[in-house]
Amino acid sequence: MKGIRGFKDILPGEVEKWQYVESEGRRVFGLFGFLELRIPLLEKTELFARSIGESTDIVGKEMYTFPDRDGDSLTLRPEATTSIMRAYLEHGLDVKEPVGKYYFIGPMFRYERPQKGRYRQFHQIDAEILGVQEPQADAELLVMLMRFLGGLALQNLNLQINSLGDPACRGPYREEIQKFLRSKSEKLCEDCQRRLETNPLRVFDCKKEECQAQLAGAPVVLDFLCPDCRRHFERVKGLLDELRLPYAVNPRMVRGLDYYTRTAFEVVAGDLGAQNAVCGGGRYDGLAEEIGGPSVPAIGFAIGVERLVMLLPEEKNYLRYPDVFIAALGEEAQRKGFALAQELRDAGVWVELDYEGKSLKSQMRKAGRFKTPWVVILGEEELKKDRAVLRNMATKAQEEVALEEVIKRVKTESRET
Ligand code: AMP
């Protein structure tokens with residue numbers, strides 16, 4: 001039996017990179033005052049349909065949706081923002097403290113065509129600032145994002161930003177883009193011909209080349225911003241400039257979810273090939289109302305962990321190795337070794353040992369595979385004197401030490417290596 005297409009196992013050897021990325025995320029987000037908020041895997045389908053938008057690819061054809069046993073339609077979360085907002089409103093977090101800064105790390109599910117960097121179960125690191133409409137929130141979130149990615153020593157990253165305006169300025173824009181696209185409608189794919197009538201902005205994120213080609217010279221929403229949206233965008237850019245955070249304005253970036261308003265952004269990596277977006281996000285001031293809540297201005301991002309891990313520099317060693325290997329010779333030594341291993345672990349030392357009573361040579365080979373810097377050799381002769389041999393695997397130097405000394409020595413030596 002094999003696993004499901006597009007669903008990936010993450011094995012030891014790679015998982016250390018994931019642990020590193022996640023712990024760095026927690027550390028950096030903590031410095032900016034973000035708290036972890038965990039959301040469930042499943043939500044009512046309606047929640048995503050209403051927020052992400054019926055005419056988006058995600059809702060239209062990518063969600064894992066099924067009826068629960070009592071007939072409710074449920075969906076495996078395709079993204080986190082909507083659920084975080086639902087939780088924030090459901091638990092009255094907005095009443096207790098209107099400004100909420102939350103992060104979440106976990107798997108998402110989308111029925112996309114699997115390829116390198118694109119999976120059906122993939123993972124996102126999410127961060128959201130809820131309850132702040134000021135451009136400072138946009139700038140702070142972007143600074144945090146780029147600090148995090150930069151701290152992982154990722155190269156060739158490009159932050160692209162845009163403003164999608166609000167419903168007021170999008171109305172006149174919608175008419176213009178519709179007019180423009182209708183004149184080219186015959187050359188658009190079937191999906192886009194439909195999108196053109198229901199949600200013309202979505203044509204921008206069609207992946208088909210024939211549609212992209214038709215968009216040359218299309219009007220962009222940036223040119224239609226109302227004074228308030230324009231001021232907001234100018235202020236965000238001004239703050240980024242003051243903080244010397246490099247970015248490029250990309251007026252054609254619309255993002256694949258309907259709930260975005262005003263600031264939208266993406267981080268694109270030069271080294272990823274076709275699936276080159278590492279992170280996407282934006283402001284979603286209308287989302288809370290879409291899902292039946294009060295008005296809550298908010299902004300957030302989602303980083304794709306698979307793609308992030310692919311970009312980590314290879315030179316860095318993400319693996320950890322045991323501190324010590326216990327090689328025991330003979331039954332009595334094995335018994336002692338087994339007990340000593342537990343004592344060492346209680347003292348905070350990572351210990352590996354042999355379970356099979358193999359020869360010293362074979363045990364030393366095993367220690368070599370584990371790459372432990374130290375080996376404790378328990379032989380019958382030494383045990384008679386309550387002593388053991390401590391071997392430094394790098395220098396091959398050996399010395400005899402009293403058994404009761406072993407823990408102290410290994411503890412200090414392992415700290416030093
Ligand atoms: P989105 O939620 O669509 O804005 O995506 C945010 C980020 O999640 C993207 O920039 C990708 O890094 C990642 N992502 C989205 N879909 C997938 C997928 N199917 N497989 C792997 N990563 C993905």
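In each ligand, atom 1 is the first atom listed, and ligand 1 is the first ligand listed.
- Looking at ligand 1, you won't find any N or O of Glu79 less than 3.5 Å from one of its N or O atoms.
- Under a 4.0 Å N-O distance rule, the pair Glu36/Arg26 qualifies as a salt bridge.
- With Asp57 as the fixed residue, the salt bridge (charged side-chain N to carboxylate O under 4.0 Å, His left out) test singles out one of Arg110, Arg195, Lys208: Arg195.
- In this structure, the side chain of Arg252 does not engage the main chain of Val220 through any donor-acceptor pair within 3.5 Å.
- Looking at Tyr119, Phe122, Phe109, Tyr111, it is Phe122 that brings a heavy atom closest to atom 22 (N) of ligand 1.
- In terms of N/O distances under 3.5 Å, ligand 1 is approached by Arg110.
- Relative to the six-membered ring of Tyr111, Arg120 meets both conditions, a distance below 6.0 Å and an angle of at most 45° to the axis.
- Numbered from 1 in the order shown, with element, the atoms of ligand 1 that lie under 4.0 Å from a heavy atom of Cys279 read 10 (O).
- If you look at Glu112 next to ligand 1, the close heavy atoms, those under 4.0 Å, all belong to the side chain.
- The part of Val278 lying near ligand 1 is the backbone, judged by heavy-atom distances below 4.0 Å.
- At a 4.0 Å heavy-atom cut-off, ligand 1 touches Arg255 through the side chain alone.
- With 3.5 Å as the limit, one finds a donor-acceptor pair spanning the side chains of Trp18 and Glu14.
- Of all protein heavy atoms, the one lying nearest to atom 21 (C) of ligand 1 is Gly117 O, 3.3 Å.
- Within the structure, the closest approach of Pro114 to ligand 1 does not fall below 4.0 Å when heavy atoms are considered.
- Residue contacts with ligand 1: Ile58 is placed with no nitrogen or oxygen under 3.5 Å of a nitrogen or oxygen of the ligand (distance criterion only).
- Between Glu356 and Lys358 a salt bridge is recorded (basic side-chain N to carboxylate O distance below 4.0 Å).
- Residue contacts with ligand 1, taken as heavy atom pairs separated by less than 4.0 Å, involve Gln124 solely via side-chain atoms from C-beta onward.
- Taking a 6.0 Å sphere around CD of Gln133, one finds it holds 12 or fewer heavy atoms contributed by other residues, nucleotides or ligands.
- Taking 4.0 Å as the cut-off between side-chain N and carboxylate O, Glu90 and Arg86 count as a salt-bridged pair.
- If you look at Arg118 next to ligand 1, the close heavy atoms, those under 4.0 Å, come from the backbone and the side chain alike.
- Looking only at heavy atoms of the protein, atom 12 (O) of ligand 1 is closest to Ala277 O, 2.8 Å.
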